[in-house]
There are 2 protein chains.
Amino acid sequence: MTGQQEPVIWMRPEQAAAGRPAERSRAEITAAAVELADREGLDAVSMRRVAAALDTGAASLYRYVSARDDLLALMVDSTAGEYDLSPPTGDWQADLLVIARQARQIMQRHPWLPELVITRPVLGPHGVDLLEHVLDVLAGHPAEPAAKLEAFALLNALTALFVQHELAAAAPEARRQAAYLQHIAAAGGHPRIAALQAVAAPPADTSRDRFASVLVRALTGVLG
Amino acid sequence: MTGQQEPVIWMRPEQAAAGRPAERSRAEITAAAVELADREGLDAVSMRRVAAALDTGAASLYRYVSARDDLLALMVDSTAGEYDLSPPTGDWQADLLVIARQARQIMQRHPWLPELVITRPVLGPHGVDLLEHVLDVLAGHPAEPAAKLEAFALLNALTALFVQHELAAAAPEARRQAAYLQHIAAAGGHPRIAALQAVAAPPADTSRDRFASVLVRALTGVLG
DNA sequence: AGCCTTCGCGTACGGTGTTCGCGAATGTTC
DNA sequence: GAACATTCGCGAACACCGTACGCGAAGGCT
């Protein structure tokens, strides 16, 4: 009855018990994919290009990964290994903020990460360690377990949104969007938007505080 | 010096001033794409498939849209036309919650929307109307204009995250992820996660309240 | 009626993810 | 050391994809 389905990649053995041993490792392939994404963006991470970076053929990758999605999952989890998890201090808000700030730095290091984190949240071995740590930080908090899980998800997703927002500001697409808003303002019929154009100075110095305050408030929202 | 770049699609005239008139309209194409996405998901929205739904060739679409991204932008903006915008009551929190709940319904109607809203926020004519309305709701609020813009973005993105979360719960991928978590819990070394498995009942009845409380708290976070 | 401009779209190019099948390579067993 | 079982590497192929080009046809304006 219950259709037997392929398990998550981390539950499949990396090395077969018998036969010819593999020439490469998941870590090696993941590293190549991450480096490619860092250098040329997520769209450059095609099976062929990753394989080429490893001096092999595209079909070979399927010995290590059952689909491209698996490769992306490996990439995401590998970045979860970049956290520096120090023991909880007892102040859960402060501890979570430390996590969030690290998340922000990691995502800035890997500009392709926010999109992946948001569109397909995935927990691998490193992600599980991170989750365990967050649960440890929240151990004394009286919220329900489900709420703590949601808080973890929100921490990741909100940080990803923020980083994506600040990375997108430099994109040429944002300039087009701004031009259209200006066009709308000039056309009339949208007085509030037109009034917006009067101010120009973006107070960037307050952005980091805003990141913290929004995050903490949202977290207290889920944790009740 | 300043490289002349193609403007946003809504600044280009839909109908050329001279020559043979177009046989179709942007709205027609957008409707076909939306219906296709509603029925078979976003991946089914390829230029060829949309064109086939309109009984035409793929290349024809490029008379109406300069790239597939433009088509996706049209789809997103068309859903922004589904809001029912009633005049502000004076209670900005309540008014924004009304907007957010509508956003949630719209996104549930169009399961492909959250991903697009999150990964490429786009403002077309309908989106601009929505923004104008939100600014109207916040007219009496003393926050900086930039903060109000961020509040608008956060309202959309957070709602999209929530809907995406509740839609993903039914996906088979979630079952795999849960199985892995259970595996980790059984393996030891992650006591907090193992403790999580003890509880089972997901109190779904409180989810709507959580949506509201998280949203309001996050919004008050940006608005100061 | 003629012109001018745009439209429709067949065709083609370079790319994508993924499958199949087979020869080669290896650890294990006799 | 030879035979075997099993896996690995991967070339080739398939079905798509987004997009550019170019040309015949179609319609509005003068």
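Every chain is numbered from 1 and lettered A, B, ... according to where its sequence line falls, protein lines coming before strand lines.
For A/Arg175, the CZ atom is loosely surrounded, since the number of other residues' heavy atoms within 6.0 Å does not exceed 12.
Taking atom CZ of residue A/Arg48 and atom P of nucleotide C/dG17, one finds them 7 Å apart after rounding to whole Å. The nearest whole Å value for the distance from the CG atom in A/Leu61 to the C1' atom in D/dG11 is 14 Å. Atom-to-atom, OH of B/Tyr64 to P of D/dG18 comes out at 19 Å; the value is rounded to the nearest Å. At whole-Å resolution of the value, CG in B/Asp70 and C1' in D/dG18 are 13 Å apart. Atom CG of B/Leu54 is separated from atom P of C/dC9 by 10 Å (rounded to the nearest Å). Distance CG (B/Asp55) to P (C/dC7): 20 Å, rounded to an integer number of Å. Per the geometry, CG belonging to A/Asp69 stands 11 Å off P belonging to C/dG17, to the nearest Å. To the nearest angstrom, C1' of C/dT16 lies 11 Å from CG of A/Asp43.
A cation-pi arrangement, defined by a distance under 6.0 Å to the six-membered ring centre and an angle within 45 degrees of its axis, is absent between B/Arg104 and B/Phe162.
Among the atoms of the strands shown, none is found under 4.0 Å from any heavy atom of B/Ala51. Residue-level contact check: B/Ser46 touches the backbone only, with heavy atoms under 4.0 Å from sugar-phosphate atoms and none from bases.
Results of the salt bridge (Lys or Arg N to Asp or Glu O under 4.0 Å) test with B/Asp70 over B/Arg63, B/Arg12, B/Arg26 single out B/Arg12 as the only residue that passes.
Residues A/Pro191 and B/Glu132 form a side-chain contact, since some pair of their non-hydrogen atoms from C-beta on lies under 4.5 Å apart.
Of the candidates D/dC17, D/dA13, D/dG9, D/dG9 carries the atom nearest the A/Ser60 side chain, counting heavy atoms from C-beta on. Closest to the side chain of B/Met47, from the set D/dC8, D/dT19, C/dT19, is D/dT19. With D/dG18, C/dC9, D/dA13 as the candidates, the nucleotide lying closest to the side chain of B/Thr56 is C/dC9.
Comparing B/Ala58 and A/Glu23 by the nucleotide of DNA chain C whose heavy atom lies nearest to each, the residue mapping closer to the 5' end is B/Ala58.
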Any N/O pairs under 3.5 Å between the protein and nucleotides 21-30 of chain D? List them or say none.
none

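Side-chain contact of B/Trp112 with B/Asp43: a donor-acceptor pair under 3.5 Å is absent, judged by distance alone. In summary, the side chains of A/Glu82 and A/His110 do present a donor paired with an acceptor at a separation below 3.5 Å, with no hydrogens or angles considered.
If you take CD1 on B/Ile99 and CD on B/Gln102, they are separated by 6.0 Å, rounding to the nearest 0.5 Å.
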